[in-house]
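Structure first, commentary second.
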Protein chains: 2
Amino acid sequence: MSERPKIKDIAERAGVSVATVSRALSGSSLVTDETRQRINALARELNYRPNVSARNLRTRRSMSVLLVVRDVGNPFYLEILKGVEATAREAGYAVLMGNTENDPDREVEYFNMLRDGHADGMILMTGKLPPPEPGESADLSHLPVVIALEMIEGSGFPHVQIDNVAAAEAAVDHLIALGHRRIAHIAGPLPEVMALHRRDGYRAAMKAAGLAVPEGYEVRGDYLLESGEACASDLFALPEPPTAIFAANDEMAYGAIHALRRLGREVPGDVSVVGFDDLYLSKAFYPPLTTVSQPRADIGRTAMSQLLNVLSDGDVAAEPAIVLPTTLNIRGSTAPPRK
Amino acid sequence: MSERPKIKDIAERAGVSVATVSRALSGSSLVTDETRQRINALARELNYRPNVSARNLRTRRSMSVLLVVRDVGNPFYLEILKGVEATAREAGYAVLMGNTENDPDREVEYFNMLRDGHADGMILMTGKLPPPEPGESADLSHLPVVIALEMIEGSGFPHVQIDNVAAAEAAVDHLIALGHRRIAHIAGPLPEVMALHRRDGYRAAMKAAGLAVPEGYEVRGDYLLESGEACASDLFALPEPPTAIFAANDEMAYGAIHALRRLGREVPGDVSVVGFDDLYLSKAFYPPLTTVSQPRADIGRTAMSQLLNVLSDGDVAAEPAIVLPTTLNIRGSTAPPRK
DNA sequence: TTGAAAGCGCTAACAA
DNA sequence: TTGTTAGCGCTTTCAA
């Protein structure tokens, strides 16, 4: 066979029908060992590979899943992707990357790829559902979708996530335990759910410790470095600046540390800073960042496992919401406040 | 239509044949405007989407490309992925992620996905070709593959890359211009091609400046943080340690800076450090890292464009090797040597 | 400009 | 245990 051999070529050479070849290749027990071996040998010899489009068309499955994120360029998703990829490939699935950039058209587009057979299921990490279609039934809830990372309240899909409120609370508790009382928060892009939860954790911890949140101690960032710098500058323009900052993610924490250094404040000497996410290389930063660590690879693996369950039993509703534990990595960016 | 509508459903409602519907939907000029509009309206109304498996089977194209890397978990690939994704989707292609983890079986597997119709083309960034098959013709060179980032000498595929030798040379020249004479190099995992090139650039710069490379000044790392630490420690156990280090990537540069700090050496006061890659957040590091910046997004876009060319004219050999420019970002980790 | 019909390569229901 | 046969949903001749 000079061109890609097909099942028919093998059948002819082996002197059997295409059905037998198909069975032998798929490991069906309805084939004698002898035939199977002959066919397998032939397949290897011809370097045969089943055509996936034909198989997909017939079986109505693509053996692909779609992983949809807001921004493929964000390193945060990497380990999740890695976890998803590993679990997917074990189960014979390929992973298609989807990137919405917060564009509603794209969000819809990826949902459509579920319907047109591009992918059998989807892991959605954008924290958003596409807006309901004008004409058609807006009921997506029977699609094989698992929400990870950023939950979508009331979506009816299975979730894999962390408890952002509790994790944020633990981060702030750590600062309180060190003796800080003037603790500020650099929030994410409120009112996004995740940003909201982390802020709520901050508030809860402060309240539980009987600490007030002074005017101006909650500033709103957008998860990017520059906003961390800007927020920290704002905080230190206050008449009574904080002695500690809890940032809603590592990147803003880095930005804050940068700004503080420029203002001549030492971390953790003058100001303690806690981040959230434990980015790759956060440990290499100076000072090493104290931060909440999410089990990212585990989130990816778990989400993919859930999706596999949904795909095999077809029951989206049966899958539970899973909450994975976080840990607070205490490193060098936090210390007791100066006396 | 409760279930996914097919072309036949539209045809029945419109009172035309499936062929006409297919033509109308694909924008063929062989359809009256009136029919086309009727069909389009119906398609929208039914929320019709062509089944990709059926189309792929018929057209023998998957409209997917495969992006294969050594490690999906490495943030370095992110912006490249982003560039590839953007260009791919503009052209109507989906991006499948491949992750080899340096496993030869997987390398072969991804090549096979080209043959079984999973993907129409591949962008290979692993720096390796799979080992030739035992039986079959080992000639891969007519497959629609573009090599990016890590070149593979003599592969016959189009390449998109940077000039690692020249970029490394520029980095070391910068140190020399600052007045350093005792300059060490933390290399990548030699004898990998990229690591080799960067080392050659180091050597060339030293030679051009008439500087010797003392025994022990070239140490071999593996691109990871820990190896940067270890290499720096080795360097500073030398009787005459260097005043500057050129690391083959940012991550090892970070590791080196870490180790130096632990040894009580200041960067850049006592030792200057230059990295390579300009990782995300390298600018947030302290001190901000002087490093060679690769145009990563551009590498991704260019590689995908090349692949699109190959896919449209079918001529792999016609595509040129493209070399993209790098820049040296001079930041805070380099300074003149102490007098 | 449209329709009828073949067939992409595979799997699976049914028959033998 | 094997073969025959009918599609999966689409595109594309070929004929009208």
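Here the structure is a predicted model, which means the values were calculated and not measured. Here is how names work: the chains are called A, B, and so on, in the same order as the sequence lines, proteins then strands, and each is numbered from 1.
With respect to the salt-bridge test (charged N to carboxylate O, under 4.0 angstrom), the residues A/Glu192 and A/Lys128 do not qualify. Between B/Arg49 and A/Glu109 a salt bridge is recorded (basic side-chain N to carboxylate O distance below 4.0 Å). Salt bridge status for A/Asp298 with A/Arg301: present, with a side-chain N to carboxylate O gap under 4.0 Å. Salt bridge A/Arg70/A/Glu150: present, at least one basic N to carboxylate O contact under 4.0 Å. Between B/Asp116 and A/Arg4, no side-chain nitrogen of the basic residue sits less than 4.0 Å from a carboxylate oxygen of the acidic one, so the salt-bridge criterion is not met.
Residues A/Leu78 and B/Tyr77 form no side-chain contact, since every pair of their non-hydrogen atoms from C-beta on lies 4.5 Å or further apart.
When all heavy atoms of B/Leu114 and B/Asp120 are compared, the pair lying nearest together is CD1-C, 4.4 Å. Between A/Pro158 and A/Gln306, the closest heavy-atom pair is CB-OE1, 3.5 Å. The two atoms that bring B/Tyr48 and B/Pro5 nearest to each other are CD1-O, 3.4 Å, heavy atoms only. Closest approach of B/His159 to B/Ile152, counting heavy atoms only: NE2-N, 3.0 Å. In terms of heavy-atom proximity, B/Ala148 sits nearest to B/Ile123 at CB-CG2, 4.1 Å. Nearest approach of A/Ser29 to A/Arg36, heavy atoms of both residues: CA-NH2, 4.4 Å.
Here C/dC8 presents its P atom at 18 Å from CZ of A/Arg55, a figure rounded to the nearest Å. Whole-Å rounding puts the B/Asn56 CG to C/dC8 P distance at 16 Å. Whole-Å rounding puts the A/Asp9 CG to C/dC8 P distance at 12 Å. For the pair A/Met63 CE and C/dT11 C1', the computed distance is 15 Å after rounding to whole Å. Rounding to whole angstrom units, CG of residue B/Leu57 and C1' of C/dA6 are separated by 13 Å. Whole-Å rounding puts the A/Lys6 NZ to C/dT11 P distance at 14 Å. Distance A/Arg49 CZ to C/dC10 C1': 15 Å, rounded to the nearest Å. As a whole-Å value, the separation of A/Arg4 CZ from C/dC8 C1' is 14 Å.
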Any protein N or O atoms within reach of nucleotides 13-16 of chain C? Criterion: under 3.5 Å, listing atom names and distances.
| unit_1 | atom_1 | unit_2 | atom_2 | d |
| --- | --- | --- | --- | --- |
| C/dA13 | N6 | A/Arg23 | NH2 | 3.2 |

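Remark: B/Asp103 engages no residue in a side-chain hydrogen bond (donor to acceptor under 3.5 Å, both in side chains) (not counting sequence neighbours). Partners of A/Ser17 by side-chain hydrogen bond (donor to acceptor under 3.5 Å, both in side chains), not counting sequence neighbours, listed by chain and number: A/Thr20.
Listed by residue number, the members of residues 28-36 of chain B with any heavy atom below 4.0 angstrom from DNA chain C are B/Leu30, B/Val31, B/Thr32, B/Thr35.
Map A/Val18 and B/Ser26 each onto its nearest nucleotide of DNA chain D; the residue landing nearer the 5' end is A/Val18. Taking the nucleotide of DNA chain C with the nearest heavy atom to each of B/Gly15 and B/Thr59, the more 5' of the two is matched to B/Gly15.
Where DNA chain D meets chain B (any atom under 4.0 Å from a heavy atom), the bounding nucleotides read 5' to 3' are D/dG9 to D/dT13.
Comparing the start and finish of the helix from C/dT1-D/dA16 to C/dA16-D/dT1, five pairs each, the helix axis swings through 40°, to the nearest 10 degrees.
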